[in-house]
Amino acid sequence: MTRKQIPYARQSITEEDIAAVEKVLRSPWLTTGPAIDEFEEKIAAYCGGRYATAVSSATSALHIAYLAAGLSPGDLLWTSPNTFVASANAALYCGAAVDFVDIDPETYNMSVSHLAAKLEQADRQGRLPKVVVPVHFAGQPCAMDEIWTLAQKYGFTVIEDAAHALGAVFNGDKIGACRYSHMAVFSFHPVKIITTGEGGLVMTNDPLLHKRLRLYRSHGITRSPEEMTHESHGPWYYQQLELGYNFRITDMQAALGSSQLARLDRFIARRAEIAGNYTRALAGMPVTTPYQHAKGRSAWHLYVIKLAEGLQVNRRQAFDGLRQRGIGVNVHYIPVHTQPYYRKKFGFKTDSFPNAQAYYEACLSLPMYFELTDEEQNYTIRCLQEILQA
Ligand SMILES: *Cc1c(COP(=O)(O)O)cnc(C)c1O
């Protein structure tokens with residue numbers, strides 16, 4: 001029997017999405033037109049945040065968020081080792097140094113107790129981080145209230161890497177409401193919750209941060225007379241106030257984003273349903289299913305299981321067995337501190353963050369996306385049972 005490959009993640013594109021992009025293509029604006037403002041307003045309203053700045057990717061969103069926080073050479077940024085390299089790389093673009101806080105072995109998010117202990121030590125040594133970046137891994141919110149309390153005590157900026165967590169809820173607020181952070185960053189890469197092809201966004205409630213994010217998005221240039229250092233020369237005039245970048249998103253992408261956003265709640269509901277099916281079907285099998293924070297609701301970007309220790313089948317064999325059966329399982333994440341570049345630059349060792357390393361050796365991401373059918377999911381579960389019982 002030939003069956004089509006089941007990926008671990010994929011986008012869902014409708015005729016409405018295509019029509020929304022086509023409409024922009026037939027309009028006078030291809031970039032920096034009305035579709036971007038509309039997308040930003042809609043996503044801010046959805047999340048309950050005040051100011052949204054849409055950009056070309058979450059990587060560029062992290063970069064301008066770090067710049068807006070004032071991250072500079074000589075500064076330190078801390079994040080989770082269980083993340084995509086972008087969370088850390090963007091700090092290096094600013095000339096800052098990076099360190100990590102080990103994960104909690106149950107939630108796979110940055111451990112708040114490790115963070116508290118590391119801050120206490122860093123405070124004694126006079127080497128506190130300027131920015132701390134919690135990553136809502138798999139869409140499961142971090143304990144943001146506790147991190148925010150530590151931010152008040154030690155004076156660091158909190159930037160949520162919410163690339164997995166559009167539509168997730170913590171303590172009754174959507175991620176992006178920024179009740180316990182200065183900024184939150186979303187990704188619209190096709191594997192994420194909604195897509196614009198490539199794209200990202202920074203949310204903040206702070207008008208000054210918002211102003212700086214706008215500048216960094218487009219060359220540090222302003223056209224607003226009230227932001228200028230002296231009187232405008234005329235209607236053509238602009239001023240460059242900072243060294244910014246071209247991180248602009250296009251109107252085609254923003255129109256796709258708005259069209260996708262209209263289905264976000266349906267996306268999340270189906271993802272939660274798929275997660276529930278996995279969790280029920282895997283009960284009694286030698287795997288750990290995802291933790292759920294009592295105050296949180298995951299966006300279910302990923303469904304990650306951890307294989308029990310001492311099985312006949314190791315993670316590599318389970319991975320290969322599922323791939324051979326046409327199931328595109330994956331591994332999230334190779335701990336960033338173990339990457340050759342980070343080892344060489346900062347001297348990290350494999351066991352520098354042992355919880356992240358132990359998690360990495362046992363984890364497996366099962367297919368999770370809106371259009372995954374019940375039949376495909378049941379097939380995945382049957383294959384996993386077959387492999388683990390071998
Ligand atoms: C995908 C992702 C990013 C980067 O997103 P891009 O839009 O591809 O730049 C950053 N952080 C995390 C946790 C991600 O999963």
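The structure presented is a predicted model; accordingly, all values stated were derived computationally and were not measured. Hydrogens, waters and symmetry mates play no part in the numbers below; they use all other heavy atoms, side chains included. When a ligand or atom number is given, it counts from 1 through the structure's own listing order.
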Inset, instruction - Kindly confirm or rule out an N or O of Tyr333 lying under 3.5 angstrom from an N or O of ligand 1. - result: yes

Inset, instruction - Compute the minimum heavy-atom distance from Phe137 to ligand 1 and say whether it is under 4.0 Å. - result: no

Inset, instruction - Consider only side-chain heavy atoms of I, L, V, M, F, W and Y, link residues closer than 4.5 Å, and tell whether Met183 and Leu215 are in one cluster. - result: no

Inset, instruction - Within a distance under 4.0 Å of any heavy atom of Ser57, pick out the atoms of ligand 1 and give their elements. - result: 7 (O), 9 (O)

Legend entry - Exercise: do Gln152 and Thr149 side chains pair donor with acceptor under 3.5 Å: no

Inset, instruction - Could you tell me whether Asp145 and Arg179 have a side-chain N and a carboxylate O separated by less than 4.0 Å? - result: no

Inset, instruction - Give the atoms of ligand 1, by number and element, whose distance to some non-hydrogen atom of Ala163 is under 4.0 Å. - result: 2 (C), 11 (N), 12 (C), 13 (C), 14 (C), 15 (O)

Legend entry - Side chain proximity check, Leu322 to Asn330, heavy atoms < 4.5 angstrom: no

Legend entry - Contact (N/O only, under 3.5 Å) between His189 and ligand 1: no

Legend entry - Those atoms of ligand 1 less than 4.0 Å from some heavy atom in Thr59: 4 (C), 6 (P), 9 (O)

Inset, instruction - Please determine if Arg217 and Glu40 form a salt bridge, counting it only when a charged side-chain N lies under 4.0 Å from a carboxylate O. - result: yes

Inset, instruction - Check ligand 1 against Ser187 and write out every atom of the ligand that is under 4.0 Å from a heavy-atom position of the residue. - result: 5 (O), 6 (P), 7 (O)

Inset, instruction - Please determine if Arg270 and Glu371 form a salt bridge, counting it only when a charged side-chain N lies under 4.0 Å from a carboxylate O. - result: no

Inset, instruction - Would you please indicate if the ring centroids of Tyr291 and Phe137 are separated by under 6.0 Å? - result: no

Inset, instruction - Could you tell me if the ring centre of Phe348 sits under 6.0 Å from that of Phe100? - result: yes

Inset, instruction - Examine Thr83 against ligand 1 and note whether any of their N/O atoms are separated by less than 3.5 Å. - result: no

Legend entry - Pair Asp206 + Arg50: basic N to acidic O under 4.0 Å: no

Legend entry - 4.0 Å heavy-atom contact, Gly199 with ligand 1: yes

Legend entry - Atom indices of ligand 1 within 4.0 angstrom of Lys192 heavy atoms, with elements: 1 (C), 2 (C), 3 (C), 5 (O), 14 (C), 15 (O)

Inset, instruction - Can you pull out the closest protein heavy atom to atom 11 (N) of ligand 1? Residue, atom name and distance to 0.1 Å, please. - result: Asp161 OD2, 2.8 Å

Inset, instruction - Identify, for atom 15 (O) of ligand 1, the protein heavy atom at the shortest distance, and state residue, atom and that distance. - result: His164 NE2, 2.7 Å

Inset, instruction - Flag Ala58 as yes when one of its N or O atoms lies below 3.5 Å from any N or O atom of ligand 1, and as no otherwise. - result: yes

